[in-house]
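Start at 1 and go down the list; that is how both ligands and their atoms are numbered. Being a predicted model, the structure only gives us computed values, none of them experimental.
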Amino acid sequence: MLTDMNKPHLLCIGHRGAMGHAPENTLASVQKALELGAPCMEVDVYYIDGRLVVFHDDRLERITNGSGYLCEQTFDYLRSLDAGDGQQIPTLEEVCVVIDSQACLNIELKGPDTAVPVAALLTKIIAGGWDKEKLLVSSFHHRELLEMRRLRPDIKLGALIRGLPVDDSKFAEDLGAFSVHPSLDCVNQRFVDDAHERNLKVYVFAVDHPEDMVKMQALGVDGVFTGFPERVLENYAQGNIENGW
Ligand code: G3P
Ligand code: MG
């Protein structure tokens, strides 16, 4: 059994809570990530019918017993659905209440026009005692990140990518991002080294297999999104994240 002293470092970020153990992006999943001791977790957010809801897909069928496009539904209909094991689709505010600053939170702006309402919620929870250093807002929609930076320049930004840009992480540096979040299938040594030279953290999604965790640590990646937080926690030190990301 390795002690933290002699484990290599790889930050554990629960993916959609702890989606390997509980229905993704539900309060049960968030609670499971906390129970497993994940120091950080990620959830996906859309703005629907005037509410920030935690959900991954643009349609309902894969995750719920409902049907249709998420953006065409009322909040009451979304709340009537089973998102797995009897769980409701939660609001972002409900997720924040459950986490209560006990873990770092990465809010992924999945849907359009999410930066403005998320910034408003962040202002509210920070006023209520959340440590803003424990918040990280990410998106594939880099214009949403620009809007977030305009609204809350003090909140850390993460730039998501599914393929390698021609200028590696220059775009993320230009955005004023704290971190870049490449997919597992595209990240390579040159990209990691370039990001680090720009003083950006590299957090890779989605890393569920222990062999991929070994590969990511060998590349010098800073952290991984995983549905199985215990697999990272067992083998990798987490460092001190009491003060945030
Ligand atoms: O934020 C990391 C990861 O969640 C991005 O991809 O599709 O799982 O939201 P996706
Ligand atoms: Mg996500």
A.B. asks: Against heavy atoms of Asp44, which atoms of ligand 1 measure under 4.0 Å?
C.D. replies: 9 (O)

A.B. asks: Between Asn106 and Ser138, is any side-chain donor less than 3.5 angstrom from a side-chain acceptor?
C.D. replies: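 Present: a donor and an acceptor within the cut-off.
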
A.B. asks: Without swapping roles, check the side chain of Lys7 against the backbone of Glu234 for a donor-acceptor pair under 3.5 Å.
C.D. replies: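 Yes, because the side chain of Lys7 sits within donor-acceptor range (under 3.5 Å) of the backbone of Glu234.
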
A.B. asks: For the residue pair Phe205 and Phe140, does the interplanar ring angle fall in the parallel (under 30°), tilted (30 to 60°) or perpendicular (over 60°) class?
C.D. replies: perpendicular

A.B. asks: Listing by chain and number, what protein N/O/S atoms are under 2.8 Å from the Mg ion (ligand 2)?
C.D. replies: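 Listed by chain and number, the nearby protein N, O or S atoms are Glu42 OE2, Asp44 OD1, Glu108 OE1.
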
A.B. asks: Can a side-chain donor-acceptor contact be found between Asp76 and Thr74 if the only test is distance below 3.5 angstrom?
C.D. replies: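 There is no such pair between these side chains.
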
A.B. asks: Once ring-ring contact (aromatic ring centres under 6.0 Å, His included) is applied, do any residues pair with Phe225, and if so which ones, sequence neighbours excluded?
C.D. replies: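 In terms of ring-ring contact (aromatic ring centres under 6.0 Å, His included), with neighbours along the sequence ignored, Phe225 is linked to His181.
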
A.B. asks: Do Arg162 and ligand 1 have an N or O pair less than 3.5 Å apart?
C.D. replies: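 Yes, Arg162 has an N/O under 3.5 Å of an N/O on ligand 1.
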
A.B. asks: On a heavy-atom basis, I'd like to know which of Phe225, Phe205, Tyr203 is closest to atom 6 (O) of ligand 1.
C.D. replies: Phe205

A.B. asks: Among Met19, Glu42, His181, which one has a heavy atom closest to atom 2 (C) of ligand 1?
C.D. replies: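 Result: the heavy atom closest to atom 2 (C) of ligand 1 is in Glu42.
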
A.B. asks: Taking atom types as modelled, find out whether His196 and Asp222 have a side-chain donor-acceptor pair closer than 3.5 angstrom.
C.D. replies: yes

A.B. asks: Taking only heavy atoms of Leu160, which atoms of ligand 1 are found under 4.0 Å from at least one of them?
C.D. replies: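 Checking each atom against Leu160, I get 1 (O), 2 (C), 5 (C).
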
A.B. asks: Which option out of Glu24, Lys110, His15 puts a heavy atom nearest to atom 3 (C) of ligand 1?
C.D. replies: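 Nearest option to atom 3 (C) of ligand 1, by heavy atoms: His15.
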
A.B. asks: Under the salt bridge (charged side-chain N to carboxylate O under 4.0 Å, His left out) rule, what do Asp49 and Arg51 come out as? Steps first, then yes or no, please.
C.D. replies: CA-CA 6 Å; Asp49 192 19; Arg51 308 291 286 266; over 6 Å; no

A.B. asks: Which of the numbered atoms in ligand 1 are under 4.0 angstrom from any heavy atom belonging to Arg16?
C.D. replies: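 Per the distance check, 7 (O), 8 (O), 10 (P).
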
A.B. asks: In the protein, what heavy atom is nearest to atom 7 (O) of ligand 1, and what distance, to one decimal place, separates them?
C.D. replies: His56 NE2, 2.7 Å

A.B. asks: Where the side chain of Glu42 meets the backbone of Glu108, is there a donor-acceptor pair that is under 3.5 Å apart?
C.D. replies: no

A.B. asks: For the residue pair Gln88 and Glu94, establish whether any side-chain heavy-atom pair is separated by less than 4.5 Å.
C.D. replies: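 No. Closest side-chain heavy atoms not under 4.5 Å.
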
A.B. asks: Applying a strict 4.0 Å limit to heavy atoms, is Glu108 in contact with ligand 1?
C.D. replies: yes

A.B. asks: Check the pair Glu173 / Lys170 against salt bridge (charged side-chain N to carboxylate O under 4.0 Å, His left out), numbers first and verdict last.
C.D. replies: CA-CA 5 Å; Glu173 187 178 30; Lys170 182 177 183 302; over 6 Å; no

